[in-house]
Structure formats: structure tokens, C-alpha cells
Amino acid sequence: MSQAEKQTLGFQTEVKQLLHLMVHALYSNREIFLRELISNASDACDKLRFQAIKHPALLEEDPDLRVQVSYDEKAGTLTLDDNGIGMDREDVIANLGTIARSGTSEFLKQLTGDQKKDSSLIGQFGVGFYSAFIVADEVTVETRKAGAALADAVRWTSKGDGEFTVEPIEKAGRGTSITLKLKEDAQEFASGFRLRNIIQKYSDHIGLPIQLLKETEEQEGEEATQEWETVNKANALWTRAKSEIKEEEYKEFYKHVAHDFEEPLTWSHNKVEGKQEYTSLLYVPKRAPFDLYQREAPRGLKLYVQRVFILDNAEQFLPLYLRFIKGVVDSSDLPLNISREILQQNPQIDSMKSALTKRVLSMLEKLAKDEDKYQEFWKEFGQVLKEGPGEDFANREKIAGLLRFSSTQEEEQKVSLSAYLERMQEGQDKIYYLVGESLSQVKSSPHLEVFRKKGIEVLLLTDRIDEWLMSHLNEFDGKSLVDVARGDLDLGELDSDEDKKAQEKASEEKKDLVERVKKVLDERVSEVKISTRLTDSPAVLVMGAGDLGVQMRKILEAAGQQAPDTKPILEINPEHPLIGRLEAESQEGRFTELAQVLCDQAALAAGETLEDPGQFVQRLNRLLMELSD
């Protein structure tokens, strides 16, 4: 199809859904459309400023970058005009007809039809250009890419009803002009007073002039003249002194930089001087973005060099486990022509990354002092933070202090390792934990029986990442972390001399029984022992110190990898009546049946899946039938 033809195209399915949702779910907060469009225009100017460093000719005869807002009350229209980078036909179709973000379909499946819930989900997605349809019946975009010929401009038009048209036009100035034909009930946005208020409320911090058309009074014998008036402060917020910036301005800047319309949980504004000079303004969002766990999702800070925008999503400044942090970093030392490739090899970046990481962790430590706010943060980002100890050895202790867990004393994930240490019993020198599939499963685990009896708190870990986390977190504040489902249980001074003597005596007395059970279960277990953990259950399966747990096995299998074959240890409780019944059984067939059922039950209690559930049911039924006879 030739460039000269007018084309009518359909929106991507996701765009249709999002458009419908925006118009309905965001109805109560309509004015944000202007913030979004100005934010996009500002980004377009930033991109041109960066490209013009190498190619000054792109600025043509118009070097002063700005965004202009005009309106026509009679016609009921509002126009936003920028002289930024602009778009060509391909850009227009790609940027205004599709949402090229991985996981969009999954995101849209979460939408419920409940306007309040859905509007906060849109905040997680980022509102963007499509918010124009909240107030407009029709949107027209006229744009010419910087450096392109006048005749290579494009007009895009849509009523937001499922399709749009694209046609070639001539346009004198570079950049993009967006005209909204306002809905009947949105005519308030064709008012200079209303527009000025919205710009000052949402876009005051933007570092280039936002100009509003000012009509001058008509003098006798003269026509009214048009003047442009700059209505924002037009200096980059992060370059101003902290004492000059109001809390509201920080919050609005976050919404601009993160394309979010919820307020941030907290932020940190910091200027570094000395060997390196840079300013950072870092934010913790209130809600996790929908693509937080997609490794290819865009992430990182906005990078400026000497206030010139260089890169969106510069991921080199923070480790992956802090990928939820939003904000800007503005360096005075980096070269203006820096690229992503050069960033990866620049030794200054490593030093900045280390300092910014510490700054974020300090910000989270400060946030943790407010338990309610930190719980908000933890519910959204806790699992991502748990990636930290494995990725960032230097800050492992700091990250460990920020982690929160459930325990045998607190069901919610609220227990910090410091709080656990404060509650430790006299003589206790280890931090005990248990990993499992769900809270209900670990709470009733036989592994906890001796701890309940002695009143020792155990951390209960049920997130998918927990076993991997604990393989990298061996100690905290000088105390080792011990998995109560692995190896020999050593309670140290918490075990009395009587306990130890009773254990030795039981091991000696039940030696023959242990050997009989081991012979029957030789293919399933590596060893059979008398247990020190059990008080109520007849048996429990224990992993070897270096064996993979159930969680890690499932992760490997999900990734298509074969988990190594290992056999657990079976520990039996000599005080339990079932073990007494097993010991008294002289008939080998029935002894085998009982021993196998005992092992199956222990596997189920440990959260494992039986290899042959049918056989377990048959054995159990046979034993029940014998008992009933």
C-alpha cells in the first residue's frame, strides 16, 4: 500500500478493552488525561534534546523546546502541541494502535468490572495516551518526525470505537499536535482558568515550559491578539533544594515519572558531591506493576546527564531485586553521548549502583519503622526483595533485616529476624524455620511438635522463593538459620540431660524395630531413626542436609529440569501407640503394609505427592477392613 493512501485500521483487542475500561473506570478522575498527554509531550521533547546532541540539524529553526496548550470554547476543542521528536507513519501505527507490553492480556484478565478496583489496576498498567478518550468523542493527532520532509507528516484520527484512520498530510513544524473534540459533559476543559489549574497541579515540576494560550482584551479599533504564557515553574524538580519542594510536588512528580496515578509510599531525594557528582530522586510505589515478575519487562531509572534526558529505564543503576523502584538519576560526570552499552562498562556506574542500592535499602529501613506502611509495601514487593540475598552478597545482612515472615506466633508475614531474636528463649542459639507449600500445611507439620512442647518460635516459610532464599541466607546477627525439616535436630542447651538420656535409651531399645522397618522401606528411605522431633505423630520424613526440598524440586520440574534422586530419612516416635503396634506385629505381610502406610502418611504430612496414591488407598482400606472385622 502506498504512503499516499488513507488507511482505516482496527485497534489491537487489548486497546479496545483498555479504552472501554478507561472511559468508565476513570470517570471520577477525568482531569488526569491532561497530565498524561503533557507527560508524553515532555518525554518527546526530552528524546529530541538527546538526539540533537549528535545531530543538531534535527532542531531545524526551532531550538527552544516547549509544550503549548490551546482551546476553543465555541468549537469545544482542546489542542496540545509539542515540538519534540515527532512520529512517522510506522511509529503512529505502532504507538497509537497497539499496546506493546508483555503480559497485557494477562493484565486485562484481572479486570473485574468493578470501577473502583479496575481504576487502581489501570494505575499499575500506566494510563498514557488513551486517557484522552475519557473526555473526547474524537482525537486527532498530527505529527512529523524531526528531520523528515514536510510532506512526510501523518494524521491519525479515532473516535475510540475500535478503529482509527491514518493519512499523509503536510505539516510545517516538527513534533506532535493532539486535538480533542470534547464530549458534551467535558466542555469545562475548554477553559483557560480550568486548564491553568490542572497544569499547575499536575505538571509544575516538568523541566520545560508548558505554555497556555492567553487571549488579550480587544482594544477599540484593534483585533484581539494571542499570547503564550508559561504556566509552570519549568525547572527540573530534582535540581531544586529539598527545602523548596512541597510534599505535593514530590507526589505529582512521581506520577509523571512512573505513569501511575496513585501516590508513592515513600521517596528519597539526595545530592552527592565529591569524587562523583549526581542527584537522585527515588520512589517506592504503593502498588506492584502487573509485569513485575516478567524478566523482560522495562525497568530502571530515568537517566539525565547535566539535566539532559539520556535514557528511559536505565537498569544499570539498581540490582534486579530492586526493579520496582522508580525515579531519576542526574549525573554531572557522565558524557552526554553515553549509551546502554557504554553504561555497562563504565566503572563510575558500579560505584553509583552501589551507593543508590544502599540509599534504597536505607529508605526501606526508615519505612519499616511504620509497621502499617511497611506491611503495605511487603504485601506488594516482599517476594521480590527475597531475591536480594542471592543476588547482592555485600548487602545480605541489610536485606535480611528487611524480610518479614509468618511464624508459630504470628500468622501474617510480620515477623522480622530482629523481632525473632528478641523473643528467643534463654539458651537458644539458632533461628529455626520450616519451609512448606501453604500456611495450613506447615502449621500442622509433625516437625513442629517438639518446638511447641518447648515453646520455641519457628518461622513458617510458604512463598515459592523461600527455599531458594534460605540457601543464600545462612545466618543473621551471628545466629545460624536452621531448617527444622533437615538433618539431625540439635536443640543445643534447650535439650535437657534427661531428654538426651531418654533418646539414647530409646535408640538402644528399638534397634531391632528400626532395622526391620529399614529392610521393608529400603527402596524409599535412606535411613530409619528414633526421632527427637516428635511428640504426637508416629513418624516424620526428614531431608538430608544437602538435599533439595519439595519447593525447589517443583521449581526445577516447572522449568523442565530433572531434580536429582534423593531418599529421605524416616524418623519414628517410640512413644506412639502405632509404633508399639508395629513392633508387636509378627506377621511379615501385615508389618510391611503398616510400615508402608506409615511412610506414605509421613510423605503426605511433608507436603509431598505420593508416587502411587492408588496403592496407598488400597493398603489403608485393607487395614481398615481388618480392624472392623
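Keep in mind the model is a prediction, meaning the values are calculated, not measured. What you see below is based on every heavy atom in this structure, not just the backbone, and it leaves out hydrogens, waters and symmetry mates. In this chain, residues are counted from 1 in sequence order.
- In this structure, a donor-acceptor pair under 3.5 Å is absent between the side chains of Thr176 and Glu142.
- Checking Arg89, Met87, Arg155 one by one against Thr143, the side chain to side chain contact (heavy atoms under 4.5 Å, CB included) holds for a single residue, Met87.
- At least one side-chain heavy atom of Pro285 sits under 4.5 Å from a side-chain heavy atom of Lys326.
- In this structure, Phe189 has its ring center closer than 6.0 angstrom to the ring center of Phe33.
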side-chain contact (heavy atoms from CB on, under 4.5 Å) between Glu277 and Val272, worked out: CA-CA 5 Å; Glu277 287 198 11; Val272 174; over 6 Å; no

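- Two residues are said to be in side-chain contact when any heavy atoms from C-beta on lie closer than 4.5 Å; Lys286 and Glu380 fail this criterion.
- Side-chain contact annotation: Tyr278 with Asp333, donor-acceptor N/O pair under 3.5 Å absent.
- Inspection of the Thr140 and Thr179 side chains reveals no N or O donor paired with an N or O acceptor under 3.5 Å.
- A salt bridge between Lys183 and Asp137 is absent, with no side-chain N of the basic residue lying under 4.0 Å from a carboxylate O of the acidic one.
- Annotation: the span from Gln7 atom CD to Ile93 atom CD1 amounts to 5.0 Å, rounded to 0.5 Å.
- A 4.5 Å side-chain heavy-atom check between Leu322 and Val384 finds every atom pair outside the cut-off.
- The residues Glu170 and Arg144 are annotated as not salt-bridged, no charged nitrogen and carboxylate oxygen being separated by less than 4.0 angstrom.
- No donor-acceptor contact under 3.5 angstrom links the side chains of Asn40 and Asp43, judged on distance only.
- Side-chain contact check for Pro264 versus Tyr250: every heavy-atom pair is 4.5 Å or farther apart.
- Side-chain contact between Val154 and Glu167 is absent, with no heavy-atom pair separated by less than 4.5 Å.
- Using a 4.5 Å heavy-atom threshold, the side chains of Tyr304 and Val328 count as touching.
- Note: Phe253 and Trp267 fail the aromatic proximity criterion, with ring centroids not under 6.0 Å apart.
- Under the 6.0 Å cut-off for aromatic ring centres, Phe377 and Tyr374 qualify, their centroids lying closer than that.
- Atom CD1 of Ile399 is separated from atom CD of Glu387 by 10.5 Å, given to the nearest 0.5 angstrom.
- Comment: Asp46 engages Arg49 in a salt bridge, judged by a side-chain N to carboxylate O separation of less than 4.0 angstrom.
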